[in-house]
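Below is one structure; the comments refer to it alone.
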Amino acid sequence: MTEKNNNNEPRSAAQWYDLGCIYRKEGDFGCAVNAFRSAVECADAGLAYAVDDTARLELESVRNKALASIELVQRITGFVNKDLMNP
């Protein structure tokens with residue numbers, strides 16, 4: 001799934017989220033954020049057409065986890081230890 005070709009491209013919000021988690025674990029934060037953003041986009045698109053509550057709840061859950069993961073990656077990559085900067 002981590003190969004970047006059209007045959008393995010995720011098709012659902014949950015698959016995009018899973019791919020983002022794989023990238024995050026590998027330390028590829030740029031690809032992780034892109035995958036999480038794709039998960040949010042897929043979830044938003046799915047929510048527009050979701051007719052039953054179960055599908056809606058699942059999409060909202062994936063969307064919320066992806067948004068939280070984006071925030072986490074941004075916090076990780078933006079971390080600065082101020083104590084190490086002061087000699």
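Keep in mind that the numbers below use all heavy atoms, side chains included, and drop hydrogens, waters and symmetry copies. Since we're looking at a predicted model, the values are computed, not measured.
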If you measure from [atom1] on [X] to [atom2] on [Y], what distance do you get to the nearest 0.5 Å?
{"X": "L67", "Y": "K65", "atom1": "CG", "atom2": "NZ", "result": "12.0 Å"}
{"X": "I76", "Y": "S69", "atom1": "CD1", "atom2": "OG", "result": "9.5 Å"}
{"X": "E60", "Y": "L47", "atom1": "CD", "atom2": "CG", "result": "5.5 Å"}
{"X": "E58", "Y": "D53", "atom1": "CD", "atom2": "CG", "result": "13.0 Å"}
{"X": "R24", "Y": "L19", "atom1": "CZ", "atom2": "CG", "result": "11.5 Å"}

Check: V33 and R37 side chains under 4.5 Å, non-hydrogen atoms: yes

Donor-acceptor contact below 3.5 Å, side chain R56 vs main chain A50: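 Yes, the answer is positive, given that a donor and an acceptor are paired below the 3.5 Å cut-off.
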
Side-chain (S61) to main-chain (L57) donor-acceptor, under 3.5 angstrom: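 A pair under 3.5 Å: no.
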
How far apart are the closest heavy atoms of [X] and [Y], and which atoms are they?
{"X": "L59", "Y": "G46", "value": "CD1-C, 3.4 Å"}
{"X": "G20", "Y": "A32", "value": "O-CB, 3.5 Å"}
{"X": "A66", "Y": "A39", "value": "CB-CB, 4.0 Å"}
{"X": "R11", "Y": "Q15", "value": "N-OE1, 2.8 Å"}

Stepwise ring-ring contact (aromatic ring centres under 6.0 Å, His included) check, F36 with Y17: CA-CA 5 Å; F36 291 136; Y17 175 77; 5.5 Å; yes

V62 with I70, same ILVMFWY side-chain cluster at under 4.5 Å: yes

